[in-house]
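Each remark here refers to the structure printed beneath this line.
So you know, we letter chains A, B, ... as the sequences are listed, proteins then strands, and number each from 1. All of these numbers come straight from a predicted model, not from anything done at the bench.
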Number of protein chains: 2
Amino acid sequence: MSTKNKILDAADVLFADKGFNGTSLREITSQANVNLAAVNYHFGSKKELIKAVMSRYMDELSPQLESALALICQAERKPSLQEVFYAFIEPLLKLNEFKENGTSTFLQLLGRGYTDSQGFLRWFLTTQYPDVFTNFTKAVKKAYPELSTEEMFWRLHFTMGTIVFTMSSSEALIDIAQNDFNNQLDIAGVIERVIPYVAAGVAAPITNYN
Amino acid sequence: MSTKNKILDAADVLFADKGFNGTSLREITSQANVNLAAVNYHFGSKKELIKAVMSRYMDELSPQLESALALICQAERKPSLQEVFYAFIEPLLKLNEFKENGTSTFLQLLGRGYTDSQGFLRWFLTTQYPDVFTNFTKAVKKAYPELSTEEMFWRLHFTMGTIVFTMSSSEALIDIAQNDFNNQLDIAGVIERVIPYVAAGVAAPITNYN
DNA sequence: AGCCAGTTTAAACACCCGTTTAAAATAGCG
DNA sequence: CGCTATTTTAAACGGGTGTTTAAACTGGCT
C-alpha cells in the first residue's frame, strides 16, 4: 500500500477518535509505520491532511447521496420525511465496504469537524459539496411544503446536530446499550433509532413565535 | 474582584469558544490580567480549573432545575412533554443574570465537555449532579409512560445532542438568521425553536426494530 | 553502468504547552 | 511597627507540537 494511503488510513481513525487537535502527526505516522516527515511531503501540512481525509469520504459518498435524493425530488409522489432521511442510510452504510468501520468513522469525523477548529471544516464541506445540501433541502421541502424556509433551516440544523453528536459518542452509547440494557447494537442500530427521532422533530407542528 | 474569579470569568468564555484543549493557560491568564502561575496556585491544575468552571454554573443551576422538575413529578396531572422541556427554560435563562451571556456560555461548555477530553466531564457531571438526571428521567416517564427505559435513554441522548450542538454554534446561527431571514434572535429565541423539535422527537411513535 | 526524479529518513528547528520554583510583594494582625 | 501568612511575580523546566532541512535511498530509464 502507498505511503499516502497508509497515512490516510491511520489518520482518519485517530482523528475520529481523538479529534483533529487532539491527534499529533507523530501518533499518525507511527501508527501508519511511516516517517514523520511523510505527512508534510505528501500533503503539505496537517490542515491539508485533514481536508484529504474528509475528501476521501465525501468523494465516495456525495455522488450516491445526490442520486438518492434526486430520485426523491424527481418522483411525482409526495415523499414522507422518513423516506427522505432513509435515503441517507444506504449510501452511508456503503462506506463500510469502502473502509472497515467506514460509516461510524466518517460520521465521527463529521462531528469533529463541526466542533474542532472553530468550524473551518463546516466551511470546507458547504463550499466543496454544496449540491448535497441543496438537494436535501429540496427533498425535505417536497415532503413538508408547509414549512417555511427559515423554519426548515433551523430544523435541519437541529437534525445535523443530533446525528453528528450522537455519532461522535456512538462507541460509548453502544457500550451502555450492551451493559445496561443487554442489547447488542452496531452503528446501523444506532442509525435506526435516531431516524424516527429526527423525522418526528422535523415534522413537528409549526408554532407561532411572539 | 478576586484573582480566582478573574480567572474563572476569563476561562469560561475562552473554554466555551475554543474548547478545553484548545485554550491555553497563557491565553486565560493574559485575558484575566493575572500571572500565569495563578491558575496552578489557586486551582492546582488545568483539569481542576475546568471542574471549577463547570461547578460554578452547575451549583447555580441544579437547585432551580431540580425544584422545577420536582414540581412536575409531584403534580397529580399528567404533564405534556413540552411542559417538561419548558421546565428547563427559566432556570437556564436565569444564568444570564448570574453572568453576562451565561446561558449560551454554559450550554456551549456543556457541549465541549461531551466532545473534548474523551468524556471525563460527562463522568464529572453525572457523578456530581446525578439528581438532575434522575429527576428529568422521572418527569419524562410521567409524560410518556409507554416509552421503555432503553428507548428513553436513546431519545434523551439525542435531545442532549441537539441542544448542546445547537448552542455550541448558536452565535453563527443567530448571524445566519439575521442575514438570510432578517430575523433578529437572541439565545431565548433559539431555545424557543429547539424545544418543539426535541419534544416532537422524544414523542415520536414507538417503532419495532428487527 | 550512470543518471535522475521521486521518495524516505534522521535530525534539528522554533515555538507553545502545563507545571514548578524561589524570590518579591502584599495584607492581616498582635 | 514588626512579624507572619498569603498571594503575586518572573523565570525556568521538561516535554510535545508542526514544520524544515539535507543527506540517503529507491526504482526506472537511456
Side-chain angles (χ1 to χ4, degrees), chain A residues 1-56 108-109 112-113 115-124, chain B residues 1-56 108-109 112-113 115-124:
Chain A
M1 195 190 311
S2 72
T3 301
K4 225 170 162 173
N5 277 327
K6 280 199 273 185
I7 293 174
L8 287 172
D9 284 345
D12 67 1
V13 173
L14 287 168
F15 280 153
D17 206 39
K18 318 167 64 164
F20 300 116
N21 297 332
T23 306
S24 70
L25 295 185
R26 283 166 178 81
E27 285 180 88
I28 293 171
T29 51
S30 82
Q31 181 82 44
N33 268 102
V34 301
N35 187 273
L36 165 63
V39 170
N40 283 278
Y41 176 75
H42 286 283
F43 297 94
S45 69
K46 185 181 182 181
K47 206 167 206 169
E48 290 299 319
L49 170 62
I50 296 174
K51 287 190 197 172
V53 165
M54 295 307 296
S55 294
R56 196 167 60 140
Q108 283 177 255
L109 285 172
R112 296 298 184 179
T115 50
D116 281 18
S117 65
Q118 278 150 319
F120 105 88
L121 198 63
R122 175 170 26 179
W123 164 86
F124 172 70
Chain B
M1 194 191 310
S2 73
T3 301
K4 227 171 161 170
N5 277 327
K6 279 199 274 185
I7 293 174
L8 286 173
D9 284 344
D12 66 0
V13 173
L14 287 169
F15 280 153
D17 207 38
K18 317 168 64 163
F20 300 117
N21 297 331
T23 306
S24 70
L25 296 184
R26 284 168 176 80
E27 285 181 88
I28 295 171
T29 51
S30 83
Q31 181 81 48
N33 268 101
V34 302
N35 187 273
L36 166 62
V39 169
N40 283 280
Y41 177 76
H42 286 285
F43 297 95
S45 69
K46 186 181 180 179
K47 205 168 206 169
E48 290 298 320
L49 170 62
I50 296 174
K51 287 191 197 172
V53 166
M54 293 308 295
S55 293
R56 197 168 58 142
Q108 284 177 254
L109 285 172
R112 295 297 184 180
T115 50
D116 280 18
S117 65
Q118 277 149 320
F120 107 89
L121 198 64
R122 176 171 24 183
W123 165 86
F124 171 71

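The shortest distance between side-chain heavy atoms of V34(B) and T3(B) falls below 4.5 Å.
The side chain of S24(B) places an N or O atom within less than 4.0 Å of a non-bridging phosphate oxygen (OP1 or OP2) of dC17(C).
One finds the CZ atom of R26(A) at 5.0 Å from the CG atom of L36(A) (value rounded to the nearest 0.5 Å). Atom CD1 of I50(B) and atom OG of S55(B) lie 11.5 Å apart (nearest 0.5 Å).
For the pair N40(B) CG and dA12(D) C1', the computed distance is 14 Å after rounding to whole Å. As a whole-Å value, the separation of K47(B) NZ from dC17(C) C1' is 16 Å. Rounding to whole angstrom units, CZ of residue F20(B) and C1' of dG18(C) are separated by 17 Å. Between N21(B) atom CG and dC17(C) atom P there is a gap of 12 Å when expressed in whole angstrom units. A straight line from NZ of K46(B) to P of dT19(C) spans 8 Å, rounded to a whole angstrom. Remark: P of dT19(D) and CD of E48(A) are 10 Å apart, rounded to the nearest angstrom.
Using a 4.0 Å heavy-atom distance criterion, T29(A) is classed as making no nucleic acid contact.
Listed by residue number, there are no residues of residues 7-16 of chain B with a heavy-atom contact under 4.0 Å to DNA chain D.
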*Could you write nucleotides 7-12 of chain C as a row of B, S and -, 5' to 3', where a protein heavy atom under 4.0 Å of any base atom gives B, of only sugar-phosphate atoms gives S, and otherwise -?*
BBBB-B
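In this view, A11(B) and F15(B), I28(B), L49(B), V53(B) satisfy the side chain to side chain contact (heavy atoms under 4.5 Å, CB included) rule, not counting sequence neighbours. For N5(B), the side chain to side chain contact (heavy atoms under 4.5 Å, CB included) partners at least two apart in sequence or on another chain are M1(B), S2(B), L8(B), R56(B). Every residue meeting the side chain to side chain contact (heavy atoms under 4.5 Å, CB included) condition with E27(A), not counting sequence neighbours, appears here in chain and number order: L14(A), K18(A), T23(A), S24(A).
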For residues 37-45 of chain A, which side-chain N or O atoms pair as donor and acceptor with protein atoms under 3.5 Å away, sequence neighbours left out?
residue: S45(A); atom: OG; partner: E48(A); partner atom: N; Å: 3.3

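Between D17(A) and R112(A) the shortest heavy-atom distance is O-NH2, 2.9 Å. Among all heavy-atom pairs drawn from A32(A) and K6(A), the shortest one is CB-O, 3.4 Å. Closest approach of D9(B) and D12(B) over heavy atoms only: O-OD1, 2.9 Å. Smallest separation of non-hydrogen atoms from K46(A) and F20(A): NZ-O, 3.0 Å.
With dT19(D), dC17(C), dG18(C) as the candidates, the nucleotide lying closest to the side chain of E27(B) is dC17(C).
With axes fitted over five pairs at each extremity, the angle between the ends of the helix from dA1(C)-dT30(D) to dG30(C)-dC1(D) is 20° (10° resolution).
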